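Here is how names work: the chains are called A, B, and so on, in the same order as the sequence lines, proteins then strands, and each is numbered from 1. Here the structure is a predicted model, which means the values were calculated and not measured.
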Amino acid sequence: MSQSGVSKQLDRDEKLYRIRHSTAHVMAEAVLREFPDAKIAIGPPIENGFYYDFDLPRSLTPEDLERVEEHMREIINEDHAFERAVISREEARRRFADQPYKLELIEDIGSEEDVSLYTQNTFTDLCRGPHVESTKQLNAKAFKLLSIAGAYWRGDEKQKMLQRIYGTAWETPKELRQHLDHLAEVEKRDHRRLGRELDLFSTHEEAGSGLIYWHPNGSRVRLAIEDYWRAEHLDNGYELLYTPHVGKSWLWETSGHLEFYNENMYSPMVLDNAEYYAKPMNCPFHIMIYKTQTRSYRDLPLRWGELGTVYRYERSGVLHGLLRVRGFTQDDAHIFCSPDQIEAEIREVLRFSLQVWKDFGFSDIKAYLATQPEKSVGEDADWERAVGSLIKAIDAEGLPYEVEEGGGAFYGPKIDLKIQDALGREWQMTTIQFDFNLPERFGMTFVDRDGKEKRPYMVHRALLGSLERFFGVLIEHYGGAFPVWLAPVQAVVVPVAPAFNEYAEQVKSELRAAGLRAEADLSDARMNAKIRAAQQRKVPYMLIVGENERNGHAVAPRLRTGEKEDAVAVEQFITRVQRCVSEKALI
RNA sequence: GCCAGGAUAGCUCAGAGGCAGAGCAGCUCACUCGUAAUGAGCAGGUCGUGGGUUCGAUUCCCACUCCUGGCUCCA
């Protein structure tokens, strides 16, 4: 983007910020018309819109929103100026005497400062601004109230629950339209909807919430992902492990999970007077394997990966399809190395991650670096060294990144990678975490050149995150139309009439013999219906076969994009798809 | 967990204090058909679970379970 392009973008962001903030104020005024006794809390602009929290005598209904919108349009069209005033804290306290939430906010403002107010029409809010100059700068046709939600005062569940109204606001009705279309597209791509429509997975409340059942189609995709994952890891210097699903309390006491992670763990099972816990993480198991031998510096680095299934208790309210579950398979790995290897190792992990993301069709990636929090274990010097190597690695890979000061776990700094999907949404997937804690707790050592026992560095790394969550993101990214190498069914052979069933079956067998995932639709539906069915399943290739194709040992491909191709020999088609698979082409 | 909304056929959804509905999917039958739905017929439900009101509840009331949207954006 050019320099002026950048500043234009900033201007626009600033403009939208004011519009949204001001629209929130107009909404508050409108709500006060409906509920004169309403207590108002906060109402900031947010991405794509705004919200305002209210303490109301009764619950809002969708009809209330319509009336509030109506009032808002009136206020906007009446063209009221937004007027700023600066008053003393004393005066502000008097002014908002019947607004307890505002009084609390006033107390939070530095005692030296005066406070500013913004007034439009009958409504005055404690507010830092800025705002548009007048309500006529808002467009009565470019905003919409979207939803009602509960929200704790200050996001604290010990505080009172308020009612939040979310809205969206734009400069023009066209932009609003585009945003609403975008929301509709998000809904259409919802992995839960596509999961059902494409017969990929299910969940069963009666059998346990937050636990995923992979159907044959979903499992086909997962197998493709796992096969790729294993092959890439073996090619990139990893060894693969399998470890148990449960471990005795000794393990979790030693690791510290019982002390620090208890509320996320499933309750123990008692066997032979011992308590066994379903694992919430794989790391202690990998450490057990590490400790089966005296490790030499010559053995390091050790890169050990595992598709490890873990169970974590998540509160029922936060469960969400594949994206937030109670049982999932992490594509985990632990790297054990000497301090002088750490920088190269981190860089290698990053490089490897980016390559994998590219193969799955994601290239917009941002790094988030989380540094030492107030409470932490490990020497400050180790933290510094670790953070330094993280930054060097990020720079070396040329990734854009942001620093989250103090955002690391107590046991070490980390890099998270967020990927952007086809709809521009960011998802946190990859995490690369230092651990100064576990090597200590388990007394891990390696023998260095000088014959002395030293503590290895340990890095946890989940690349895709979890297969469940990754699958959810993958479904939404592709809207269910997976690239050929991942598609559950790569080709459906469609005979134009029953007379060609036998040939269709033969073609299917040939495709399968060539390693492709193929089906022949021999149902008694008509050809058009078969095409439609395959199209709705988002199968990449439909192969139409009739008299001509049978005579020429050929197929006439139709792509799911609707494109029709001339007939080609079966062998030729196979070669083409195999290339497409090996190149992981995004078609 | 908390707030709000929801739960009716496999799916999407309509309905109403008095025999439970549609479309799609499924099953059966017929059909010689060239690039997004051939036609006819059949079957399918303890109306989320438990309790209450009522002559009668899937419908009204209460509780519970689960699902959905939020509970991160800080005047």
In whole Å, what is the span from the CD atom of Q428(A) to the C1' atom of U72(B)? 14 Å

For R94(A), is there an ion pair with E91(A) - N to carboxylate O distance below 4.0 angstrom? no

Taking OP1 and OP2 of U68(B), is either one under 4.0 Å from a side-chain nitrogen or oxygen of R192(A)? yes

Side-chain atoms of V115(A) come closest, of A75(B), C74(B), C33(B), to A75(B)

Distance check, C1' atoms only: C3(B) and A22(B), in whole angstrom units. 35 Å

For RNA chain B, whose closest nucleotide is more 5', that of Q536(A) or that of R196(A)? R196(A)

Quick test of your reading of the model: are R12(A) and E175(A) salt-bridged, counting only N-O distances below 4.0 Å? yes

May I have the distance from I42(A) (atom CD1) to C71(B) (atom P), rounded to whole angstrom? 11 Å

Among the nucleotides C71(B), G69(B), A75(B), which one has an atom lying closest to any side-chain atom of R128(A)? A75(B)

For nucleotides A37(B) and G26(B), find the distance between their C1' atoms and express it as a whole number of Å. 16 Å

Closest to the A529(A) side chain, choosing from C33(B), G70(B), U38(B): U38(B)

In plain terms, say whether R93(A) and E90(A) are close enough for a salt bridge, that is, a side-chain N and a carboxylate O under 4.0 Å apart. yes

Rounding to the closest angstrom, what is the interatomic distance between A16(B) and G21(B) at atom P? 14 Å

Pairing of D11(A) and K15(A) as salt bridge, 4.0 angstrom limit: no

Looking only at atom C1', what distance separates G50(B) and G15(B), rounded to whole Å? 25 Å

What verdict does the side chain to side chain contact (heavy atoms under 4.5 Å, CB included) test give for H191(A) and L323(A), after you've listed the backbone C-alpha separation in whole Å, the side-chain angles of each residue and the deciding distance to 0.1 Å? CA-CA 9 Å; H191(A) 71 280; L323(A) 300 181; 3.5 Å; yes

Identity of whatever pairs with A30(B) - Watson-Crick or G-U, under 3.5 angstrom: U38(B)

Examine the base of C33(B) for any acceptor or donor lying under 3.5 Å from a partner atom in the side chain of R526(A), and report the outcome as yes or no. yes

Only pairs with both distances under 3.5 Å count, Watson-Crick or wobble alike; so what is the partner of A7(B) in this structure? U65(B)

Considering only G34(B), C74(B), U32(B), which nucleotide approaches the side chain of A556(A) most closely? G34(B)

Distance in angstrom units between R326(A) CZ and C66(B) C1', rounded: 11 Å

May I ask you to say what E549(A) touches in the nucleic acid, namely base, sugar-phosphate or nothing, with a heavy-atom cut-off under 4.0 Å? base

Gap between atoms CZ and P, on R324(A) and C67(B) respectively (whole Å): 14 Å

Any R193(A) side-chain nitrogen or oxygen under 4.0 Å from OP1 or OP2 of C11(B): no

So, is S209(A) close to the C67(B) phosphate, meaning a side-chain N or O under 4.0 Å from OP1 or OP2? yes

Give a yes/no on whether any side-chain N or O of H320(A) is located under 4.0 angstrom from OP1 or OP2 of G69(B). yes

Closest to side chain of L126(A), choosing from C67(B), A75(B), G34(B): A75(B)

Side-chain atoms of R558(A) come closest, of C73(B), C33(B), A36(B), to A36(B)

Could you measure between the two P atoms, the one in C29(B) and the one in U65(B), and give it in whole Å? 48 Å

Take atom CD of E565(A) and atom C1' of U35(B), then tell me their distance rounded to the nearest Å. 12 Å

Does CD in E263(A) sit with more than 12 non-hydrogen atoms of other residues, nucleotides or ligands closer than 6.0 Å? yes

Stepwise, does the side chain to side chain donor-acceptor pair (under 3.5 Å) test hold for Q506(A) with E502(A)? CA-CA 6 Å; Q506(A) 182 198 328; E502(A) 204 179 313; over 6 Å; no

Need the pair for C2(B). Rule: Watson-Crick or G-U wobble, both distances under 3.5 Å, any strand; none if unpaired. G70(B)

Taking any strand in view, what nucleotide pairs with C47(B) in a Watson-Crick or G-U wobble way, both distances under 3.5 Å? none

When all nucleic acid strands are considered with a 4.0 Å heavy-atom cut-off, which category describes Q163(A): base, sugar-phosphate, or nothing? nothing

Check this one for me: any side-chain N or O of Y166(A) less than 4.0 Å away from OP1 or OP2 of U72(B)? no

Of the listed A75(B), C71(B), C2(B), the closest approach to the K102(A) side chain comes from A75(B)

Looking at G70(B), does its base get a donor-acceptor pair with the side chain of Y152(A) below 3.5 Å? no

Under 6.0 Å from the ring centre and within 45 degrees of the ring axis: does the NZ or CZ of R20(A) meet both conditions for the six-membered ring of F50(A)? no

Consider the side chain of D524(A), meaning its heavy atoms from C-beta on, and name the nucleotide among U35(B), G70(B), C31(B) that approaches it most closely. C31(B)

Nearest-Å distance, CD (E107(A)) to P (A75(B))? 15 Å

Work out how far the C1' atom of U59(B) is from that of U53(B), and round it to whole angstrom. 13 Å

Looking only at atom C1', what distance separates C47(B) and G6(B), rounded to whole Å? 14 Å

Atom pair distance, as rounded to whole Å: CE in M527(A) and P in G34(B): 6 Å

Paired to A22(B) by Watson-Crick or G-U wobble criteria (both distances under 3.5 Å) is U12(B)

Looking only at side-chain atoms of A151(A), point me to the closest of C73(B), A75(B), C71(B). C71(B)

Can you work out whether L162(A) or A41(A) has the more 5'-proximal nearest nucleotide on RNA chain B? L162(A)

With rounding to the closest Å, how many angstrom separate the P atoms on U8(B) and C71(B)? 27 Å

Regarding G1(B), can its base be found pairing with the side chain of E263(A) as donor and acceptor, where the two atoms are less than 3.5 Å apart? no

Quick note, R532(A) side chain, CB onward, closest among G34(B), A36(B), U35(B) is A36(B)

Could you check whether V494(A) gets within reach of a base, just the sugar-phosphate, or nothing at all, counting any heavy atom under 4.0 Å? nothing

When rounded to whole Å, the NE2 to P distance for the pair H131(A) and A75(B) reads 11 Å

Is the F82(A) ring parallel, tilted or perpendicular to the H25(A) ring (thresholds 30°, 60°)? tilted

